[in-house]
Amino acid sequence: MTDTPDTPAPVTDTPPDRLSTNPRSPHFDMDVLQRGIGIRFKDRVRNDVEEYSISEGWIRVAAGKTKDRHGQPLTIKLSGPVEAWFENPPQDDSAE
């Protein structure tokens, strides 16, 4: 067998298709978020994106300061072309 359990997964420079900043979401990934994700939505760079999906073409942003009954911010879904990129290069863990 060529696969070993100690081999780390390859690091790509392509952000995930879907990502969320909410730790309760199944699409939350702290390692990816720590690299920093840039989002362009409808030809405008956005810094207020809570969740996005490139393939489905939408982002979720907070709807003001309104909270739901669980204390989470209310979000609205905006549809349109989404482009994502990493803000920072990957960390090289072997340089320690």
Side-chain angles (χ1 to χ4, degrees):
M1 297 218 161
T2 59
D3 293 330
T4 61
D6 295 333
T7 305
V11 178
T12 64
D13 268 352
T14 304
D17 178 60
R18 186 167 177 181
L19 186 65
S20 175
T21 59
N22 185 348
R24 294 176 155 183
S25 171
H27 303 289
F28 176 78
D29 187 348
M30 181 55 82
D31 295 333
V32 173
L33 290 171
Q34 285 180 339
R35 279 189 66 186
I37 298 287
I39 301 292
R40 180 175 289 119
F41 179 72
K42 292 187 177 179
D43 295 328
R44 184 174 147 221
V45 175
R46 303 285 301 246
N47 296 321
D48 59 346
V49 176
E50 303 268 335
E51 185 174 0
Y52 72 84
S53 175
I54 296 171
S55 63
E56 295 176 17
W58 56 262
I59 62 171
R60 285 196 181 274
V61 295
K65 296 182 180 182
T66 310
K67 305 267 185 197
D68 67 7
R69 63 182 176 201
H70 302 290
Q72 300 294 318
L74 280 179
T75 60
I76 57 174
K77 185 188 248 185
L78 304 174
S79 296
V82 180
E83 179 184 339
W85 65 90
F86 283 115
E87 298 277 329
N88 302 313
Q91 296 294 328
D92 187 14
D93 294 334
S94 63
E96 294 178 8

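This chain uses plain numbering: 1 for the first residue, then up along the sequence.
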**Prompt:** With a cut-off of 6.0 Å (strictly less than), are more than 12 heavy atoms of other residues, nucleotides or ligands near CG of N88?
**Reply:** yes

**Item:** Atom CG of N47 with >12 non-hydrogen neighbours under 6.0 angstrom
**Value:** no

If we only count heavy atoms from C-beta on, is the [X] to [Y] side-chain gap below 4.5 Å?
{"X": "T14", "Y": "F86", "result": "no"}
{"X": "K42", "Y": "P81", "result": "yes"}
{"X": "L19", "Y": "Y52", "result": "yes"}
{"X": "V82", "Y": "S53", "result": "no"}

Determine all donor-acceptor pairs shorter than 3.5 Å in which one atom belongs to a side chain in residues 54-63; sequence neighbours excluded.
unit_1, atom_1, unit_2, atom_2, d
S55, OG, D17, OD1, 3.4
S55, OG, D17, OD2, 2.8
E56, OE1, W58, NE1, 2.7

Interatomic spacing from [atom1] in [X] to [atom2] in [Y] - rounded to 0.5 Å:
{"X": "W85", "Y": "I37", "atom1": "CH2", "atom2": "CD1", "answer": "10.0 Å"}
{"X": "R46", "Y": "L78", "atom1": "CZ", "atom2": "CG", "answer": "6.0 Å"}
{"X": "T21", "Y": "D48", "atom1": "OG1", "atom2": "CG", "answer": "10.5 Å"}
{"X": "S25", "Y": "E51", "atom1": "OG", "atom2": "CD", "answer": "5.0 Å"}

**Asked** Step by step, would you call Q72 with R24 a side chain to side chain contact (heavy atoms under 4.5 Å, CB included)?
**Response** CA-CA 10 Å; Q72 300 294 318; R24 294 176 155 183; 3.7 Å; yes

**Prompt:** Applying the 4.5 Å side-chain criterion to the ILVMFWY set and letting contacts propagate, would L33 and I39 be lumped into a single cluster?
**Reply:** yes

**Shared hydrophobic cluster for F41 and V45 (ILVMFWY, side-chain gaps under 4.5 Å)** = no

**Request:** For the pair D29 and R35, find out whether any cationic side-chain nitrogen is under 4.0 Å from an anionic carboxylate oxygen.
**Result:** no

**Message:** Restricting to non-hydrogen atoms, name the atom on E50 and the atom on P73 that form the minimum distance, rounded to 0.1 Å.
**Reply:** OE1-CG, 4.5 Å

